[in-house]
Structure formats: structure tokens, C-alpha cells
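What follows is a short report on a single structure.
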Amino acid sequence: MAVIYETAATLNGFLATEDDSLDWLFEIPGEQPDIKDFMDSAAAMVMGSTTYEWVLEVEDFVDHPEKWAASMGRKPAFVFSTRELPVPAGADVRLLDGDAGRHLPEIRAAAGDGDIWPPSSWPLVRWTGSPSPWRR
């Protein structure tokens, strides 16, 4: 089991625009990379509420929950938020709050022997404690 940080970012390290949009990812000219195999290989996802809410809105997952499984698979998605958020019907979305390291045993248990993917949540992966709870 590993935590695999695979994401797109600008050269200056930004993932989202000032208004928390990821639309720029789809405006890059040329062929879009196929990440389906990579997404399918992850056993669990971890993300912050901003990424989660953007995905919900852009993909309209709340009104069309069947699209969640087709796009995200049936893997659990752990979303860190201090607020209650909508969850698409049938999706295994688990809302967590507080320190990410404290929740790591639960996330690891859900992933089993599989990998954990934080699609755009580097602040959740970056850990200043010693030793890092994200490393095995």
C-alpha cells in the first residue's frame, strides 16, 4: 500500500484558479492524458472539500449519482471538511474533519492492500509531524 500523489499543477504549483476552479485542466491544447487505469488502480481517494465540491458541481453527481460509479468507481472517497456536504446516492463518500494523520488508520483499512490517491490534496498528504503517518 502506498499513497500516490498524482495530479496536474501549473509550474508555480497551483492546482486551482483563484476561484477554486479546475477548468483550466481541460483547456490545455492537445490530447488529454488517459488516467482511467491509474484511477482504477487506486483503492481509496482522499481529498479536501474544495476539490470534492468542484467535482460534484462540474459532473452534476448529486442529480446524476449513477455518473459517480462510472467516473470514480466504487472505491471509498474520504473528504475532509468542517461542513456537511451532499453525497451522491450510492457513493461511498466518507466525510472527515480534523487532522488527516488521525484518520489515516481508517483510510488505510478501507484501502486494504491497495493504494491511496489524493487527487489534488497535497496539504492533506504533507505532514510536518515526525515520523510522517503517511509513510509506512
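What you see below is based on every heavy atom in this structure, not just the backbone, and it leaves out hydrogens, waters and symmetry mates.
Looking at every heavy atom in both residues, Gly114 comes nearest to Ala43 through CA-CB, 3.6 Å. In this structure, Pro65 and Ala89 approach most closely via the heavy-atom pair CB-O, 3.4 Å. Nearest heavy-atom pair across Leu56 and Pro86 is CD1-O, 3.6 Å. Heavy-atom minimum distance, Gly101 versus Pro105: O-CD, 3.8 Å.
In this structure, Phe61 CZ and Met72 CE are separated by 4.5 Å, a value rounded to the nearest 0.5 Å. Of the inter-residue distances, the one linking Leu95 atom CG with Phe80 atom CZ reads 10.5 Å to the nearest 0.5 angstrom. Atom CG of Leu104 sits about 6.0 Å away from atom CD1 of Ile107, to the nearest 0.5 Å.
Annotation: salt bridge (charged side-chain N to carboxylate O under 4.0 Å, His left out) contacts involving residues 89-98, sequence neighbours excluded, comprise Asp92-Arg94. Listed by first then second residue, pairs satisfying salt bridge (charged side-chain N to carboxylate O under 4.0 Å, His left out) with a partner in residues 65-89 read Glu53-Arg83, not counting sequence neighbours.
Atom CD of Glu57 has 12 or fewer neighbouring heavy atoms from other residues, nucleotides or ligands inside a 6.0 Å radius.
With contacts defined as side-chain heavy-atom distances shorter than 4.5 Å, the pair Trp68/Val93 qualifies. In this structure, the side chains of Val46 and Ile116 come closer than 4.5 Å at one or more pairs of heavy atoms.
In this view, Tyr52 satisfies the ring pair (Phe, Tyr, Trp, His ring centres under 6.0 Å) rule with no residue, not counting sequence neighbours.
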